[in-house]
Amino acid sequence: MNTVQDEETPQWKKETKNMVKSQLISRGIADQKVLRVMENTPRHLFIPENLRKVAYRDGPLPIGEGQTISQPYIVAIMTELLKLEGHEKVLEIGTGSGYQAAVLSPLVDTCYTIELVPSLAKSASECLKQLGYTNVIAKCGDGYQGWPEHAPFDRIIITAAPEEIPKTLVEQLKPDGIMVLPVGRFYQELIVVTKTRNGINRESIIPVRFVPMVRPD
Ligand code: SAH
């Protein structure tokens with residue numbers, strides 16, 4: 001019986017299982033819901049076809065337009081840091097390939113996601129639609145503006161690095177809301193911002209390397 005199941009398990013499922021064990025659990029990702037989603041999300045379908053063989057490798061990969069899909073561990077830790085319960089309205093800045101939004105989809109009520117580069121915004125939204133991620137709403141635009149029509153958000157995740165915490169996005173976060181983002185120029189840190197009645201709390205997590213969050217001219 002086991003043998004039959006093994007033969008029926010698609011190759012990518014074996015790879016995600018392995019990735020979860022060797023890249024995520026081993027580095028301390030412990031949220032079972034996050035681990036399960038990382039195991040069930042087809043990362044290989046969000047990257048260029050010629051890179052599919054290395055989709056589950058322990059690192060970032062190019063997705064075109066000089067941009068990258070984050071390393072699986074970074075996607076997992078950022079998702080875990082959002083402390084999702086399932087009812088949240090989440091804003092993502094930097095749709096890129098759409099993979100992070102796909103990981104968020106089963107863990108939230110709705111994920112709004114904004115991408116600056118039109119060709120990436122288009123291919124990510126087509127990919128998400130094709131794979132049936134109906135609670136992800138994508139648009140092309142400047143993330144520094146946020147998405148006022150849908151604000152305030154329970155959570156905000158930024159997957160490109162601004163030099164400072166963007167004020168407009170803090171304003172679009174609900175009280176007690178959490179924002180996870182990389183900040184900095186040459187030296188970047190992943191930080192967690194919690195909005196309190198008196199302002200914000202900022203906690204540094206780990207050093208990271210993200211593409212810059214661009215200010216369009
Ligand atoms: N979350 C993505 C990875 C994003 S890479 C994934 O899962 O694949 C960072 C993305 O942020 C790039 O696609 C880049 O074009 C986008 N970006 C940079 N500046 C931006 C801005 N001001 N507003 C929206 N998106 C931006």
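As the structure lists them, so they are numbered: ligands from 1, and atoms in each ligand from 1.
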More than 12 heavy atoms from other groups under 6.0 Å of [atom1] on [X]:
X	atom1	value
D176	CG	no
R215	CZ	no
K139	NZ	yes
R52	CZ	yes

Quick one: look up the protein heavy atom nearest [atom] and list residue, atom name and how far away it is.
atom	result
atom 19 (N) of ligand 1	V214 N, 2.9 Å
atom 23 (N) of ligand 1	G143 N, 2.8 Å
atom 5 (S) of ligand 1	T68 O, 3.1 Å
atom 25 (N) of ligand 1	L116 N, 3.2 Å
atom 12 (C) of ligand 1	Q67 OE1, 3.2 Å
atom 8 (O) of ligand 1	S97 OG, 2.6 Å
atom 16 (C) of ligand 1	E115 OE1, 3.4 Å

Please could you name the atoms of ligand 1 that [X] approaches to less than 4.0 Å, counting only its heavy atoms?
X	value
T159	1 (N), 2 (C), 3 (C), 4 (C), 5 (S), 9 (C)
L120	13 (O)
I114	24 (C), 25 (N)
I69	8 (O)
V117	15 (O)

Heavy atom under 4.0 Å from ligand 1: found in V75's side chain, backbone, both, or neither?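 Answer for V75: neither.
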Just to be sure I read this right, does ligand 1 sit under 4.0 Å from the backbone of Q100, its side chain, both, or neither, counting only heavy atoms?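 Contact part for Q100 vs ligand 1: both backbone and side chain.
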Are [X] and ligand 1 in contact, using a heavy-atom cut-off of under 4.0 Å?
X	value
P212	yes
T113	no
G141	yes
R215	no

Is K174 salt-bridged to D154, going by a charged N under 4.0 Å from an acidic O?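 Judged by the 4.0 Å cut-off on N to carboxylate O distance, K174 and D154 do form a salt bridge.
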With a 4.0 Å cut-off on N to O distance, would you call E171 and K167 a salt bridge?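 Answer for the salt bridge query: no.
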Any side-chain donor paired with an acceptor under 3.5 Å for [X] and [Y]?
X	Y	answer
K13	N40	yes
T159	Q100	no
S97	Q67	no
T194	N201	no

Qualifying residue for side chain to side chain contact (heavy atoms under 4.5 Å, CB included) with W12, from K17, H44, M19: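 Considering K17, H44, M19, a side chain to side chain contact (heavy atoms under 4.5 Å, CB included) with W12 is found only for H44.
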Mind checking whether [X] has an N or O less than 3.5 Å away from an N or O of ligand 1?
X	result
P216	no
Y144	no
A160	no
E92	yes
G94	yes

To the closest 0.5 Å, what do you measure between CD (E39) and NZ (K21)?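 Result: 11.5 Å between the selected atoms.
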Is the backbone of G98 close enough, under 3.5 Å, to the side chain of E92 for a donor and an acceptor to pair up by distance?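 Judged by distance alone, no pair lies under 3.5 Å.
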Are M38 and L128 connected in the hydrophobic side-chain network, where two residues link if heavy atoms are under 4.5 Å apart?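 Same cluster.
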